[in-house]
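Down below is the structure, laid out as structure tokens.
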Amino acid sequence: MIKKILIVLMMISSVATASSKIAELSRAPEIPFHPPAIKSVTLSNGMKCYLIEDKSLPIIQGHIYLKGGTIYEDGKKLGAGSVMANLLKEGGTANNDAAKIRVLLDENAIDAGFSISLETIEGSFASLSKDADMAMKLFFEMLFEPAFSEDSLKISKKRLIDSLNREKETAAPIAYKEFSKLVYGKDNPWGRHAEVSDIKKINRADVVEFYERFASPDRIILAMAGDFNKKDLIAKLEAFAKKYPKKVLPEVVTPGSDARDFPEEKVIKKKFTQSAINIGHLGGTRDDPNKFVLILLNDIYGGSGSFTDRLKEAVRVKSGLAYEIHSTYSFGPKDAPGLFQVHAKTRNKTVGKVIDLVQSELEKLVKEGATAAELKKAKDSLLNSFIFEYERPYELAAGVARFVYFGYPEDYIEISRRGIEKVTLKELNEAAEKYLHPDKLKIVVVGSK
Amino acid sequence: MKIFKLTFLACVLVMASSVSFADGSMAKLEKSVVELNLPNGMKWLLLNRGATPVFAGAVQVKVGGVDEEVGKTGLAHMLEHMAFKGTKDISSDDLWNAFMTNGAEGLNAFTTKDVTAYHAKMPSSKMELWLYLNSEMIKHSVMRDFFKERDVVTEELMNSVENNPNGRMFHQLFATAFTKSPYRWDIIGEKADVMSLQPEYLEAFKKKYYVPERMVGVLVGGFDIAKAKVLIGKYFGDIPAKKSAAEKFPKEPEQSGTRRDFATFNASPVLMMAYHKPTLPSHDDYTFDLINYVLCEGENSRLRSELVFNKKLVRAVECGNGMPGARLDNLFIIVAEPIKGHSYEDVEAAIDAELGKLKNGDVDEKEMARARNNVAKDMVFEMSSNEEIAMSLAYYQSIAGDWRYIMHHFNVIKKIDSKELSKVANKYFTDNNKIVIELKK
């Protein structure tokens, strides 16, 4: 008997030791760190630049955001933007055909590429600093003097079609596409997706028309970091600015979405042994004063990097039903909210169970609210990792450029930090009631139910 | 807790350099790395760099899929999952919360055929906490919620292998290429094995392989090295020294004739071709690092420019040297995705033709220089962050037995000429040594 009590005592004391050890080490004072202020430079052609010197390695990296995106594609010419983004790199330029561009990139060991998303056209380049001049020359040549050759167009379309077909062969990419179609409507610019039949119809004129609507230096934000002298770099960029003046282009009008939330379910039958599930509804807008509240709310529900948020705890840790389960809450422009969506994968026979848990956890969060401990945990996780925003100069420059592109101030990292710090439990739980709608969920299942 | 993804680029061990730029960076790096050998046999590598008070840390154990036995495959990976379940004194939730609320980023772990690694980035002020938590995970992890986690791992397998065309293809490729080598099964294990794993298998496996001699720790970032050394001793010094079990892997018999097989999945065509080759640090392995660039890396590399742009046969083509691992002799692989309307025969013939050119000495010095320049660039970029440097140091310390392998890679690569390239191509790109896997609906 005594022995037993002793064991219990020892156990308690060792538990106390472990948790007080964690508490003690968590109190280690922060090392003072003063975040650098990031200021832009605007070139004579209107291009806004965020440039950070970083001599730690003999490399340079650059990234651009150009106003544009697939939401601006003509509904009858879906895919024109995607083909254009591929051809900027692969379609040759006024001075060099496609094959010659490949040789030049290879000879100078330059990485370069372009992409398009719903709301952005992006490009990036990287090289050893000894090849930086050539990297910038080729990148701007591809961006401002594209040839869009017919032969390259043929290859690009074939490869894009092949990629679209391959995307339909695993469950997750189908689930994501079908979910946005279901929420926004399959013909709305925010919900539609170019199909194989759309790509087949795209011709060179469509690509050129799309390009000419957007490509002007004054609509570009450039981020660069690496082994350069900032003053010299500005002089070099200014020489490019003289070569590539701004153009007068029609105003870009962002399409809205008139989507409303109501419950709907879609099952896409596939012969997989595991199904992909996307569940959710409309998300928020970038100008919403509750943005930071919603970021914390999503972190508590299923958006953290930890196994201790509500969804991972309920579906993965306690039930063993999924390897992958998480939620995201995204923000769109004023008239087109982003998406709140849960993504999970589970064997076909437990699809119903996972959907039930996702719904009931959401209901619980709305009805009972989060706890003060959960809010503290979410805040600490986000606030204590803010320093990583400043870890890599290139990512910092590109991150600031991205915020500015989306209309936020240059010091948005610090604004976010303060915004998250200030959120109260009352605000959090009011937002849960206002923004989360367990009775209006759209559900997509790819596999079988 | 992801498995190192075996798709395309991952697992490619190419890092080399030939220009002074990369050379200079590596020399600088080599001089800055500080070694710490604990009396119990565990090695630590410390590097102070960067102005931001953050660090990347990793503890890597030289244990992976190769150390498993038939019937119990998937053990190493499952054990990695269980390390996050806490200890007798620390619940799983407390463990996660301690990391996350103190600012951990990218808290994760991975298992390969060769190694298991636990890693994260944290603010430097939390280095002692990181060391304490990692030491507890390594020393005292328990089999909490074992059977639920086994279900989670089964879901992971269904996602990465069973319902994934590339997963199926790699599964078939390694099962066909190897008859005796433990490289013949997937990292995640055979489904039937995984579903019948027992806690006591894991405990026995851990006891055998999680010994200090097989462990390497790495810290890279802005921190005080002298202080870090004391803390490492405090948290990792008490792991008892233990002789590591002798490694006895069955030798893979020489292949005598092309092997052809297929994987079945309702998806677009994928072609995988592979050739057996020796692993590092054999001289031929260095040459394959260069062959990889001549064939697949770089904008104008041979297979890419010929198959994608000139012949328009494939959507994409990638190569990989050192699949599926590097502790044992491995494969050089080529993966191609034929575009509709082009047969496997056409694509294979086009690849054969390109390999034939390499054998005939078609690569001139200019092309060699171009390949070296690209190798150099990638090397600098792949060692550009705290996390990447930490991973590379840990990896080469485990696999090559010395982290300096990667620092000196350049000195070997720069001496390889086109003649040697063609000699190696002739030696290994033979019909007898070839494996071809097709994806069929």
Side-chain angles (χ1 to χ4, degrees), chain A residues 14-15 17-19 21-22 25-26 28-31 33 56-59 99 102-103 105-107 109 126-128 130 155 158-159 162-163 165-166 169-171 271-274 304-308 316-324 345-347 377 380-381 384-385 387-388 390-392, chain B residues 21 24-25 49-50 52-54 84 89-90 92-94 96-98 100-105 107 121 123-126 128-129 132 145 147-149 151-153 155-156 158-159 162-165 266-268 298-301 305 309 312 315 337 339-340 370 373-374 376-377 380-381 384-385:
Chain A
S14 64
V15 170
T17 305
S19 58
K21 178 94 189 169
I22 290 173
L25 297 179
S26 301
E30 259 182 59
I31 296 165
F33 173 71
S56 63
L57 289 167
I59 56 175
R102 287 200 299 277
V103 171
L105 291 171
D106 202 353
E107 274 175 3
S127 75
L128 291 172
K130 72 180 176 76
I155 301 172
K158 270 194 179 178
R159 292 173 73 202
D162 193 70
S163 299
N165 286 330
R166 286 177 196 274
E169 294 163 354
T170 49
K271 280 185 186 162
F272 301 131
T273 57
Q274 184 187 52
S304 79
S306 169
F307 282 10
T308 63
R316 176 172 167 149
V317 178
K318 284 196 182 139
S319 316
L321 292 172
Y323 170 70
E324 193 182 345
K345 286 184 195 140
T346 188
R347 61 196 81 184
K377 188 174 84 181
D380 285 349
S381 299
N384 288 327
S385 57
I387 190 165
F388 290 103
Y390 299 102
E391 188 192 4
R392 305 181 71 178
Chain B
F21 268 82
S25 298
R49 78 185 280 277
T52 321
V54 294
F84 287 90
D89 301 336
I90 305 173
S92 168
D93 274 11
D94 286 348
W96 277 93
N97 290 339
M100 299 304 287
T101 59
N102 284 291
E105 280 267 300
L107 172 60
K121 298 196 290 185
S124 298
S125 58
K126 300 298 162 58
E128 182 167 2
L129 178 68
Y132 167 64
D145 294 333
F147 294 99
K148 279 188 185 120
E149 198 60 27
D151 285 345
V152 170
V153 173
E155 290 287 349
E156 186 182 356
M158 291 170 80
N159 180 43
E162 198 168 277
N163 292 284
N164 183 311
N266 185 21
S268 306
E299 289 292 335
N300 205 41
S301 49
S305 94
F309 296 104
K312 307 174 180 47
R315 188 193 71 84
E337 297 183 343
I339 277 182
K340 209 172 165 186
R370 206 158 70 195
N373 197 27
N374 274 286
K377 180 259 301 171
V380 179
F381 275 94
S384 64
S385 69

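In what follows, every chain begins at residue 1, and chains take the letters A, B, ... in the order their sequences are listed.
When heavy atoms are compared at a cutoff of 4.5 Å, B:Phe309 approaches chain A by way of both its backbone and its side chain. With a threshold of 4.5 angstrom between heavy atoms, A:Ser304 does not approach chain B through any atom at all. For chain B, the nearby parts of A:Ile31 are the backbone and the side chain; heavy atoms of each come within less than 4.5 Å. Both the backbone and the side chain of A:Ala126 come within less than 4.5 Å of a heavy atom in chain B. B:Lys340 touches chain A through its backbone: at least one of N, CA, C or O sits under 4.5 Å from a heavy atom, while the side chain does not. In this structure, chain A has a heavy atom under 4.5 Å from the backbone of B:Asn266, while its side chain stays farther away. Looking at A:Arg347, the atoms closer than 4.5 Å to chain B (heavy atoms on both sides) sit in the backbone and in the side chain alike. Using a 4.5 Å cut-off between heavy atoms, A:Ala322 touches chain B through its backbone atoms (N, CA, C, O) alone. When heavy atoms are compared at a cutoff of 4.5 Å, A:Ile387 approaches chain B by way of both its backbone and its side chain.
Note that the CZ atom of B:Arg315 and the CG atom of A:Asp162 stand 6.5 Å from one another [nearest 0.5 Å]. To the nearest 0.5 Å, the span separating CG on B:Asn159 from OG1 on A:Thr346 amounts to 11.0 Å. If you take CZ on A:Arg316 and CD on B:Glu155, they are separated by 10.5 Å, rounding to the nearest 0.5 Å. A distance of 8.0 Å separates CG of A:Leu321 from CG of B:Asp151, quoted to the nearest 0.5 Å. In this structure, NZ in B:Lys312 is found 11.5 Å from CZ in A:Arg159, a value given to the nearest 0.5 Å. From A:Glu30, atom CD reaches atom NZ of B:Lys126 across 6.5 Å, with rounding to the nearest 0.5 Å.
When only modelled atom types and interatomic distance are considered, B:Asn97 and A:Ser306 share no side-chain donor-acceptor pair under 3.5 Å. Side chains of A:Thr308 and B:Asp93: a donor-acceptor N/O pair is absent below 3.5 angstrom, by distance only.
Residue B:Asp94 comes nearest to A:Ile22 through the heavy atom pair O-CD1, 4.5 Å, listed as atom of the first residue, atom of the second, then distance. The nearest pair of heavy atoms linking A:Ala28 to B:Ser125 is CB-O, 3.3 Å. Nearest heavy-atom pair, B:Asn102 versus A:Asn384, reported as atom, atom and distance to 0.1 Å: C-CB, 3.8 Å. Taking every heavy atom of both residues into account, A:Phe388 and B:Pro123 meet most closely at CZ-N, 3.9 Å. B:Ser385 approaches A:Arg392 most closely through the heavy-atom pair CB-CZ, 3.4 Å. Closest approach of A:Gly305 to B:Trp96, counting heavy atoms only: O-CZ3, 3.6 Å.
Side-chain N or O atoms of B:Glu105 include none that pairs as donor or acceptor with a backbone N or O of A:Ser385 at under 3.5 Å. Formation of a donor-acceptor pair under 3.5 Å by the B:Asn373 side chain with backbone atoms of A:Glu107 is found in this model. Although no hydrogens or angles enter the test, the distance criterion places no donor-acceptor pair under 3.5 Å between the side chain of B:Asn300 and the main chain of A:Arg102. In terms of modelled atom types and a separation under 3.5 Å, the side chain of B:Lys148 and the main chain of A:Lys318 share a donor-acceptor contact.
When each of A:Glu324, A:Lys158, A:Lys377, A:Lys271 is scored by its heavy-atom pairs under 4.5 Å with chain B, the top score falls to A:Lys377. Between chain A and the residues B:Thr52, B:Leu129, B:Val152, the largest count of heavy-atom pairs under 4.5 Å involves B:Val152. Your options are A:Thr170, A:Leu57, A:Thr273, and the one with the most heavy-atom pairs under 4.5 Å with chain B is A:Thr273.
No side-chain heavy atom of B:Glu162 sits under 4.5 Å from any side-chain heavy atom of A:Gln274.
Every residue was checked against the ring pair (Phe, Tyr, Trp, His ring centres under 6.0 Å) condition with B:Phe381, not counting sequence neighbours, and none meets it.
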